[in-house]
Amino acid sequence: MTPELESQPKRGKGRPKSFQRDEALKAAMKLFWDRGYEGTSFDDLITAMNISASSFSNSFKNKEALYREATDAYLAASGEWFLGILTGEPEVATAFKKLFETTAVEFTRADLPAGCMISLAGTHLPPSLSPVRDMMAQHRAVSESAMLERLKRGVADGQIAPGTDIESLAAFFNALARGMAVKARDGADRDHLLKIAGVAMKSFPSARA
């Protein structure tokens, strides 16, 4: 995920032809993920992205715009497994079991920062950065909504008993995922997170009231 810059004999005005925007964005995403919005300086960014200040301004405008784009890139990547598991598995309990097992794996990958970029971001920001804080809160709410929709489908399919408080269950599972992110960030290994997931699944409701 490191940017690549190929040497060119001639460079025109503005950004070099060899500028690898996607690779630079990935580098920024990992840096924001690791250090947070305020913990990442402009100098940190252009160093990690291996670009000049002028290329940064031409391609990403400013730090907040880059952060929004980096967050979108993270959501696109994580959404492939998160939403893929929730919507692709026909049995609801199995879907959540696979979801939390995959969460344990993804939050402890050696090639990425520990935890989750969304779970840990924007919770302590000054009023001047309220748009960033609000954006991250909205992203966290989306995952809970996705869980709730899958639980509703489980009720409709007869896999969860009618009358089950699925709103609270979705909130619990979302909070669990956020907690797993914090545990991973604090150094918990994959086996530890998998044990947490196993305990959580013991609370999964049955098809009978």
Side-chain angles (χ1 to χ4, degrees), residues 29-40 67 70-89 91-126 129-130 132-155 159-160 164-206:
M29 179 193 74
K30 290 175 70 174
L31 194 62
F32 280 131
W33 183 350
D34 186 50
R35 301 184 185 181
Y37 183 84
E38 285 200 299
T40 303
Y67 186 72
T71 300
D72 288 343
Y74 175 85
L75 290 169
S78 61
E80 290 184 7
W81 60 266
F82 181 85
L83 296 175
I85 293 170
L86 277 183
T87 60
E89 173 56 52
E91 209 285 314
V92 63
T94 302
F96 277 89
K97 182 176 183 292
K98 288 183 177 180
L99 180 67
F100 287 120
E101 289 175 346
T102 304
T103 295
V105 171
E106 291 293 327
F107 285 5
T108 55
R109 285 176 53 172
D111 61 327
L112 294 171
C116 168
M117 182 179 179
I118 306 303
S119 297
L120 305 174
T123 55
H124 293 85
L125 290 175
L129 292 175
S130 59
V132 174
R133 182 179 64 245
D134 293 344
M135 176 183 70
M136 302 313 293
Q138 290 170 5
H139 287 324
R140 286 187 282 271
V142 167
S143 65
E144 183 172 326
S145 295
M147 291 180 181
L148 178 58
E149 289 304 311
R150 184 62 187 91
L151 292 170
K152 287 180 179 178
R153 190 175 126 201
V155 173
Q159 297 174 6
I160 297 175
T164 301
D165 186 0
I166 56 174
E167 287 80 8
S168 295
L169 188 61
F172 166 69
F173 283 144
N174 190 49
L176 174 70
R178 304 306 167 201
M180 289 173 70
V182 174
K183 292 286 287 185
R185 189 68 175 178
D186 287 345
D189 62 18
R190 185 168 298 173
D191 287 342
H192 185 71
L193 296 187
L194 287 170
K195 289 178 181 178
I196 293 172
V199 172
M201 288 308 301
K202 292 180 180 179
S203 67
F204 202 89
S206 67

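Start at 1 with the first residue, then count along the sequence.
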(request) Indicate yes or no: at least one non-hydrogen side-chain atom of M201 is less than 4.5 angstrom from one of T94. (result) no
(message) In the structure I gave you, are the side-chain heavy atoms of L125 and M136 within less than 4.5 Å of one another anywhere?
(response) no
(request) Over all heavy atoms of both residues, which pair between V105 and R190 is shortest? Give the atoms and the distance, please. (result) O-NH2, 3.2 Å
(request) Can you see which heavy atom on A184 is nearest to which on A114, and at what distance? (result) O-CB, 3.5 Å
(message) Measuring from atom OG1 of T71 to atom CE of M29, what distance do you get when rounded to the nearest 0.5 angstrom?
(response) 10.0 Å
(request) Mind checking the OG1-CZ spacing from T102 to F82? Nearest 0.5 Å is all I need. (result) 11.0 Å
(request) Heavy atoms only: give me the nearest E38-H124 pair and the separation to one decimal. (result) OE1-O, 3.9 Å
(message) I need the E167 CD to S145 OG distance, nearest 0.5 Å.
(response) 11.0 Å
(request) Kindly indicate whether the side chain of F96, heavy atoms from C-beta on, has any atom under 4.5 Å from the side chain of E89. (result) no
(request) Mind listing the closest non-hydrogen atom pair of L83 and A146 along with its distance? (result) CD2-CB, 3.9 Å
(request) Provide the closest heavy-atom pair for P113 versus R185 in the form atom of the first, atom of the second, distance. (result) CB-NH1, 4.1 Å
(request) Report the distance from atom CG of L169 to atom CZ of R150, rounding to the nearest 0.5 Å. (result) 12.5 Å
(request) State which residues pass side-chain hydrogen bond (donor to acceptor under 3.5 Å, both in side chains) with E149; sequence neighbours excluded, sorted by chain then number. (result) K152
(request) Any chance you could measure L86, atom CG, to L148, atom CG, to the nearest 0.5 Å? (result) 11.0 Å
(request) Using the ring-ring contact (aromatic ring centres under 6.0 Å, His included) rule, pick out the option among W33, Y67, F32 that qualifies with Y74. (result) W33
(message) To the nearest 0.5 Å, what is the distance between CZ on F100 and CZ on F107?
(response) 9.5 Å
(message) Any non-hydrogen side-chain atom of I160 less than 4.5 Å from a side-chain atom of L151?
(response) yes
(message) Can you give me the closest heavy-atom contact between R140 and A121, atom names plus distance?
(response) NH1-O, 2.8 Å
Which side-chain N or O atoms in residues 173-181 pair as donor and acceptor under 3.5 Å with protein atoms at least two apart or in another chain?
unit_1, atom_1, unit_2, atom_2, d
N174, OD1, S143, OG, 2.7
N174, OD1, R178, NH2, 3.3
N174, ND2, E144, OE1, 3.3
R178, NH1, S119, OG, 2.6
R178, NH2, S143, OG, 2.5

